[in-house]
Amino acid sequence: MARSASLATSRWLPSYAWWPPSDEYALTVVLSPYHVTTEPAAEFEATIRGFAGAGGPLFEHRTGVYRFGDEVAVELDELDLPGPPAPHGGVVEIHPIRLDRPPSRTVDFLGQWVHAEGRSGGGYIIPTIPVRGQEKRIDRDDLQVLPGVMSSPDVETEVVLLNPIDAPVEARITVSSPSGMIVEGGWFTVEPWSAWRSPLSDALPRVRRMLAEDGGVGSAAVYSSHKVLPYFGLRGKGMPLSCMDHGAPIFT
Amino acid sequence: MLKFRRRRDSSTAPASAPTGPAQADVVCHCLQVPYGDVRRAIARGATSIADLQRKTKACTRCFGCRFELEALLREQLGDSFHHEARVVPPKGDDRTRVPQPMYMPVLAGYRGYDVDTRLIVFNWEGPPQPAGFRLDLLLPGAERVAAWREEAPSGRSAVIDLSREQVGNLLPEGLGLAKIVLDRPDVGSLRPYFHLLTPTSVTTTHEKKGPKNPSRYGARSYHWLFPIGRSRGSEEVYFHFVNTQLEPMRDQRLLWQSVDGESASIPLPPTEFEQTAIVPLHEHVASVAAGTKAGTVRLDPPLFKVAGFMLRHDPEAQLWRVQHL
């Protein structure tokens with residue numbers, strides 16, 4: 001189900017990150033050979049693509065060849081690109097390929113980083129994540145967890161789900177409080193090659209009341225019909241989001 | 001001497017579970033070895049941590065009581081006790097059997113900033129029984145200043161407050177390390193996350209695990225690194241790391257390299273197992289402080305296993321950004 005064009009290009013698989021609305025964040029993709037090898041002969045080329053729906057990439061940028069010893073940072077602001085649609089944003093596919101040799105395993109990925117600088121302050125720094133090719137064994141791909149979500153008058157969780165496959169994915173979020181209560185949301189669709197983004201209390205209107213007795217803190221579970229890539233961050237009232245992390249898969 | 005913390009009034013403060021030997025009397029919380037056993041072993045001739053490991057089994061699982069054992073040896077032997085930088089597991093027991101410990105930074109008023117820490121451990125819907133774990137609070141020098149017994153009921157979260165109010169008296173520099181050791185390895189993704197709380201923001205980041213075998217040491221096939229993108233203005237940038245292997249970490253440096261070839265080498269302080277250091281990158285590299293250049297900082301040479309975090313801080317807005325390695 002992973003994107004066929006990428007697989008046809010190489011057994012080095014792509015990884016993904018949120019492509020946030022460009023009026024909110026300045027996104028830099030940091031490509032560092034040091035992050036994936038210590039071999040001086042290593043050579044790479046990367047393609048960065050932006051998606052916001054199933055109709056193909058909205059942009060595609062190729063870095064040209066870079067080598068071990070180089071550091072490469074691609075600032076999307078410098079590329080004069082169309083932005084992804086607000087408020088959800090899109091999916092940025094980061095596909096470095098190692099030119100000097102194939103993966104030593106059947107497939108592999110060369111994980112990199114994005115640095116999102118908030119236009120109004122704050123932002124986040126996060127590694128890119130693949131949907132296939134990880135060494136870690138996943139126990140189930142229909143559930144991932146977001147420990148430590150918040151919903152209160154002062155702090156709200158922002159949830160982002162990425163769907164980097166060619167089919168729609170059904171998703172559902174539930175939140176449990178430390179004292180044992182649960183709010184279950186309904187199923188919704190994350191369209192192919194799209195991002196879904198929402199404040200937690202918009203997706204689950206009763207969550208703020210449920211968490212009130214626990215200081216506004218709980219944990220969420222994201223159920224999905226196919227693996228999605230979940231992210232979450234916390235936003236103080238009237239303040240920018242200052243940090244974002246990925247959800248936790250259920251490892252074996 | 002380790003203080004075993006008692007449950008506080010706040011429901012979100014660390015809780016203790018005083019079962020078995022009185023926890024305040026226990027030095028090795030993994031194997032429940034009392035202080036008395038260690039003192040008797042020293043009185044009967046033990047002169048080193050290795051002797052204590054063989055005679056009492058203390059310090060053979062997570063190695064977290066090493067500095068407490070050293071304090072007991074020093075207390076009873078005086079100058080005849082010599083600190084050894086490397087803790088060696090007893091012969092035939094060179095592989096830790098404890099679930100991989102998990103590490104997170106604890107900021108509680110660090111550098112006078114209005115910042116506190118909270119941990120969240122979510123036992124999603126796994127085993128029906130509660131998931132138990134031990135939470136240790138370590139000083140940067142790895143001395144354990146508190147230990148708590150905690151549990152996350154099935155489907156629920158344990159939320160643990162490590163604020164200045166709760167632990168400020170234990171962390172004189174406002175900086176510590178939280179170490180979580182699960183009771184059992186088969187609880188799946190019981191992955192702790194932590195929040196740094198300021199008056200204006202809350203961060204969210206997950207822990208970093210120690211290696212499966214902390215005694216194994218050797219070359220890595222890649223560098224640990226952090227990206228540095230250009231920022232809107234000047235920021236503080238801290239590299240926080242803990243040495244997670246038994247091998248003392250020496251001659252290690254951080255290498256900054258920008259995309260236009262600017263470079264800088266920042267020597268890291270030597271650290272032993274579970275010792276923490278925090279390096280203010282912005283005090284070493286002007287372009288990182290100013291946010292004018294993109295690039296990376298990497299650990300060099302690629303030999304050691306650390307649990308590392310990058311902390312970026314906008315002091316004016318009191319916004320932190322935290323990222324794990």
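Reminder, nothing fancy here: chain letters follow the sequence lines and each chain counts from 1. Please read all numbers here as calculations on a predicted model, not as lab measurements.
Summarising the local packing, CZ of A/R62 is surrounded by 12 or fewer heavy atoms from other residues, nucleotides or ligands at distances under 6.0 Å. Heavy atoms of other residues, nucleotides or ligands lying less than 6.0 angstrom from CZ of B/R230 number 12 at most. Counting non-hydrogen atoms of neighbouring residues, nucleotides and ligands closer than 6.0 angstrom, the CG atom of A/D80 reaches no more than 12 such neighbours. Crowding of B/R220 atom CZ: a count of heavy atoms from other residues, nucleotides or ligands under 6.0 Å exceeding 12.
For B/S258, the part sitting under 4.5 Å from any heavy atom of chain A is the backbone (N, CA, C, O) and nothing else. Both the backbone and the side chain of B/T203 come within contact range of chain A, judged by heavy atoms closer than 4.5 Å. Proximity to chain B (any heavy atom under 4.5 Å) is restricted, for A/L143, to the side chain, taken from C-beta onward. Looking at A/V155, only its side chain comes within 4.5 Å of chain B, counting heavy atoms on both sides. Contact of B/L197 with chain A is not made at all, since no heavy-atom distance falls under 4.5 Å. Contact of A/D154 with chain B is not made at all, since no heavy-atom distance falls under 4.5 Å. No part of A/Q112 comes within reach of chain B, as not one of its non-hydrogen atoms sits under 4.5 angstrom from that chain. With a 4.5 Å cut-off on non-hydrogen atoms, B/P302 touches chain A through its side chain but not through its backbone. Only the backbone of A/A116 comes within less than 4.5 Å of a heavy atom in chain B; its side chain stays farther off. With a threshold of 4.5 angstrom between heavy atoms, B/H195 approaches chain A through side-chain atoms but not through N, CA, C or O. Interface remark: A/T157 contributes no atoms to any contact with chain B (heavy atom separation under 4.5 Å). Of the atoms belonging to B/L119, not a single heavy atom falls under 4.5 Å from chain A.
Counting heavy-atom pairs closer than 4.5 Å to chain A, the top residue among B/S201, B/A294, B/S221 is B/S221. Interface summary for chain B: among A/R235, A/R119, A/K237, the most heavy-atom pairs under 4.5 angstrom belong to A/R119. Note on A/S179, A/G218, A/A73, A/A26: by heavy-atom pairs under 4.5 Å with chain B, the leading option is A/S179. Looking only at heavy-atom pairs under 4.5 Å with chain B, the residue among A/G236, A/S177, A/G122 that has the most is A/G122. Interface remark: of the candidates A/A221, A/G180, A/G233, A/G180 forms the most heavy-atom pairs closer than 4.5 Å to chain B. When A/S32, A/P127, A/G123 are compared by the number of non-hydrogen pairs under 4.5 Å with chain B, A/G123 comes out ahead.
Proximity of A/P147 to B/V121: side-chain heavy atoms (C-beta onward) are nowhere separated by under 4.5 Å. A 4.5 Å side-chain heavy-atom check between B/R298 and A/E71 finds at least one atom pair inside the cut-off. Taking the side chain as every heavy atom from C-beta outward, B/H206 and A/H246 approach each other to under 4.5 Å. The shortest distance between side-chain heavy atoms of B/L319 and A/M239 falls below 4.5 Å. The shortest side-chain heavy-atom distance between A/V36 and B/Y222 does not fall under the 4.5 Å cut-off.
The residue from A/I126, A/T28, A/I125 that alone fulfils the side chain to side chain contact (heavy atoms under 4.5 Å, CB included) condition with B/P227 is A/I125.
Taking CG from A/L146 and CD1 from B/I120, the interatomic distance works out to 12.0 Å, rounded to the nearest 0.5 Å. Rounding to the nearest 0.5 Å places CZ of B/R232 at 7.0 Å from CD of A/E117. One finds the CE atom of A/M150 at 10.5 Å from the OG1 atom of B/T204 (value rounded to the nearest 0.5 Å). Here CH2 of B/W124 is found 11.5 Å from CD of A/Q144. Values are rounded to the nearest 0.5 Å. Distance CG/B/D300 to OG1/A/T38: 10.5 Å, rounded to 0.5 Å. Note that NE2 of A/H35 and OG1 of B/T296 are 10.0 Å apart. Values are rounded to the nearest 0.5 Å.
Ring geometry, A/F232 versus B/Y193: the interplanar angle falls from 30° to 60°, so the pair is classed tilted. Between B/F226 and A/W113, the ring-plane angle classifies as tilted under the 30° and 60° cut-offs. Between A/Y34 and B/H223, the angle of the ring planes goes over 60°, which puts this pair in the perpendicular group of the 30/60° scheme.
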> Is there a side-chain contact (heavy atoms from CB on, under 4.5 Å) between B/H324 and A/D245 once you walk through the steps?
Replying inline: CA-CA 9 Å; B/H324 53 77; A/D245 204 359; 3.2 Å; yes
> Would B/R321 and A/H115 satisfy side-chain contact (heavy atoms from CB on, under 4.5 Å), going step by step from the backbone distance to the final call?
Replying inline: CA-CA 11 Å; B/R321 278 182 284 180; A/H115 175 139; 3.5 Å; yes
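Taking non-hydrogen atoms and a 4.5 Å limit, the residue list of residues 304-318 of chain B in contact with chain A, ordered by number, reads B/R312, B/A317.
The minimum heavy-atom distance between B/T205 and A/C243, with the atom names listed, is OG1-SG, 3.8 Å.
In this structure a side-chain-to-backbone donor-acceptor pair under 3.5 Å is missing from B/R191 to A/A248.
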